[in-house]
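Report on one structure; see the data block that follows.
What you see below is based on every heavy atom in this structure, not just the backbone, and it leaves out hydrogens, waters and symmetry mates.
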Amino acid sequence: MELVSAVRSGDAAQVVARTNLPRLRHSVVDQVVSAYLDRIGQKRPVRPFERMAVNAVGATIADDLAVRLMTPENLSVLLRSGTVRNAAENITFGTMSSFAELDVSNIFVLAGRITPVQPVEFAVRLGANQDAGSVSLHYEGASWKLSGITLPPKVLSSIVDRLPTR
């Protein structure tokens, strides 16, 4: 798999070339907004108007955060080491299993981690359990491209804890 090779070699340009950045950013934005709504809902019920406002304004804030998290350098580090960070602000949100350590030669282990999402998309768990995180690959043109990253709950919590509650 070319993406795995690019990640292992640390070639950020090749990683980005094998990534659908808008889809990837959208996957992170959706997770952050959803985790944020869960967080504010834990303390009190979220009114429908608030939910609508958070979805509108929160998506903008989450999109800005996702853009900073998904720079070529940060994306390459995340996939290679599993470290979720914002290098520009020197903030580390936590870690997940590394995509570079995915053993693509062991087809039986790999097959057990694959979950079909759509006919042209599948998710691959990066470790034995859900806390390891996962990546989604989408078939585009003549190749598979990275289209999503599912962050572990602890990493999402760390990101959401930095967002305002009001």
Practice prompt. Would you mind listing every ring-ring contact (aromatic ring centres under 6.0 Å, His included) that reaches into residues 87-107, with sequence neighbours excluded?
Written response: none
Donor-acceptor pairs are to be reported for all side-chain atoms of residues 106-117 against protein atoms at under 3.5 Å, with residues two or more places apart or in another chain.
unit_1	atom_1	unit_2	atom_2	d
N106	OD1	F108	N	3.4
N106	OD1	V109	N	3.4
R113	NH1	L126	O	3.4

Discussion item. Could you go through S27 and R23, starting from their C-alpha distance and side-chain angles, then the distance that decides it, and tell me whether this counts as side-chain contact (heavy atoms from CB on, under 4.5 Å)?
Written reply: CA-CA 6 Å; S27 79; R23 278 180 173 265; over 6 Å; no
Response to the item:
Sequence neighbours excluded, the answer for side-chain contact (heavy atoms from CB on, under 4.5 Å) partners of D161 is R39, S157
Item to complete: Would you kindly confirm whether V84 and V67 end up in one hydrophobic cluster when ILVMFWY residues are joined by side chain heavy atoms under 4.5 Å apart?
Response: no
Worksheet item: Hey, any chance I91 and M96 share a hydrophobic cluster, counting ILVMFWY side chains that come within less than 4.5 Å of each other, even indirectly?
Response: yes
Discussion item. I'd like to know if the side chain of D63 and the backbone of A66 have a donor-acceptor N/O pair within less than 3.5 Å.
Written reply: no
Worksheet item: So with a 6.0 Å cut-off around NE2 of H138, is the heavy-atom count from everything else above 12?
Response: yes
Worksheet entry | V135 and L79: CA distance, side-chain angles, deciding distance, side-chain contact (heavy atoms from CB on, under 4.5 Å) verdict | CA-CA 9 Å; V135 296; L79 294 172; 4.3 Å; yes
Per-pair distances, 0.1 Å, donor-acceptor, side chain in residues 5-15, under 3.5 Å, sequence neighbours excluded:
unit_1	atom_1	unit_2	atom_2	d
S5	OG	M1	O	3.4
R8	NE	A100	O	2.7
R8	NH2	A100	O	3.1
R8	NH2	L102	O	2.6
S9	OG	S5	O	3.2
S9	OG	A6	O	3.1
D11	OD1	A13	N	3.3
D11	OD1	Q14	N	3.2
Q14	OE1	R18	NH1	2.2
Q14	OE1	R18	NH2	3.4

Check: residues 142-150 side-chain donor-acceptor pairs under 3.5 Å, at least two apart:
unit_1	atom_1	unit_2	atom_2	d
S147	OG	E121	OE2	3.3
S147	OG	S136	O	3.3
T150	OG1	S134	OG	3.2

Worksheet item: Same cluster for V120 and L3 if Ile/Leu/Val/Met/Phe/Trp/Tyr side chains link at under 4.5 Å?
Response: yes
Worksheet entry | Straight-line distance of R25 CZ to N20 CG, nearest 0.5 Å | 9.5 Å
Discussion item. Strictly by side chain to side chain donor-acceptor pair (under 3.5 Å), give each pair with a member in residues 80-93 just once, sequence neighbours left out.
Written reply: R68-E89, E73-R85, S76-R80, S81-T83
Item to complete: For the residue pair I159 and V28, establish whether any side-chain heavy-atom pair is separated by less than 4.5 Å.
Response: no
Item to complete: Take L75 and L24 through the side-chain contact (heavy atoms from CB on, under 4.5 Å) test and state the conclusion after the steps.
Response: CA-CA 10 Å; L75 181 58; L24 181 64; 3.8 Å; yes
Item to complete: Begin from the C-alpha positions of N74 and M70 and carry the test side-chain contact (heavy atoms from CB on, under 4.5 Å) through to its verdict.
Response: CA-CA 6 Å; N74 288 344; M70 297 301 138; over 6 Å; no
Practice prompt. Look up atom OG1 in T95 and atom CG in L151, then write down how far apart they are to the nearest 0.5 Å.
Written response: 11.0 Å
